[in-house]
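Hydrogens, waters and symmetry mates are skipped; everything else that's a heavy atom, side chains included, is used. Quick caveat: nothing in here was measured; it's all calculated off a predicted structure.
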Amino acid sequence: MAKSELKPCPFCGGSARILRLRSGKYCVACSSCGARGGAVWVKDWHDTPFVAQGQAAKLWNARNEMIGG
C-alpha cells in the first residue's frame, strides 16, 4: 500500500502512514495529531503483511469518508 493511497487525517488534515504495532497488528495513524484507524492482524492464511496493511488502509480511508473528508 503506497503512502499516496492514504487519505489525509479527517481531524487535522495531516499525512497518514501505516504503522506496525508491537502486538503485530497494522494500523494507519496521522503523523501530526496521532489519530489512528482500526488495527488489523496478519492472518494465518496470509503469507504476507501487505494484506493486513491494505485492510488497515481501507479502514482509514472509509472512516475518513464517514466523517465527511
Side-chain angles (χ1 to χ4, degrees):
M1 179 67 44
K3 184 177 177 181
S4 62
E5 295 179 30
L6 296 173
K7 293 185 178 181
C9 178
F11 302 109
C12 72
S15 62
R17 58 192 166 105
I18 296 175
L19 296 177
R20 183 178 184 277
L21 305 175
R22 289 184 187 171
S23 63
K25 294 180 183 179
Y26 287 89
C27 75
V28 177
C30 174
S31 299
S32 298
C33 72
R36 288 187 178 181
V40 179
W41 283 102
V42 176
K43 307 292 187 204
D44 290 338
W45 57 88
H46 299 152
D47 57 357
T48 175
F50 294 115
V51 175
Q53 292 172 3
Q55 291 173 342
K58 285 181 184 178
L59 287 173
W60 174 265
N61 289 338
R63 186 192 67 156
N64 195 5
E65 290 172 5
M66 290 188 294
I67 294 173

One pair to check against side chain to side chain contact (heavy atoms under 4.5 Å, CB included): Cys9 and Ser32. What are the steps and the verdict?
CA-CA 9 Å; Cys9 178; Ser32 298; over 6 Å; no
Give me the atom names and distance for the closest heavy-atom approach of Ala56 to Val28.
O-CG2, 3.6 Å
So, does Trp60 use its side chain to make a donor-acceptor pair with the main chain of Lys7 at under 3.5 Å?
yes
Within-4.5 Å side-chain heavy-atom neighbours: Tyr26 and Pro49
yes
Which pair of non-hydrogen atoms, one from Ala39 and one from Leu21, has the smallest distance, and what is that distance?
CB-CD1, 4.2 Å
Shortest non-hydrogen separation from Ser23 to Trp41 and the atoms involved:
O-CZ3, 2.9 Å
Do Leu19 and Val42 land in one hydrophobic cluster if side-chain heavy atoms of ILVMFWY residues count as linked below 4.5 Å?
no
Got a second to check how far Cys27's SG is from Arg17's CZ, nearest 0.5 Å?
9.0 Å
Point-to-point distance, once rounded to the nearest 0.5 Å, from NZ of Lys58 to CG of Leu6
13.0 Å
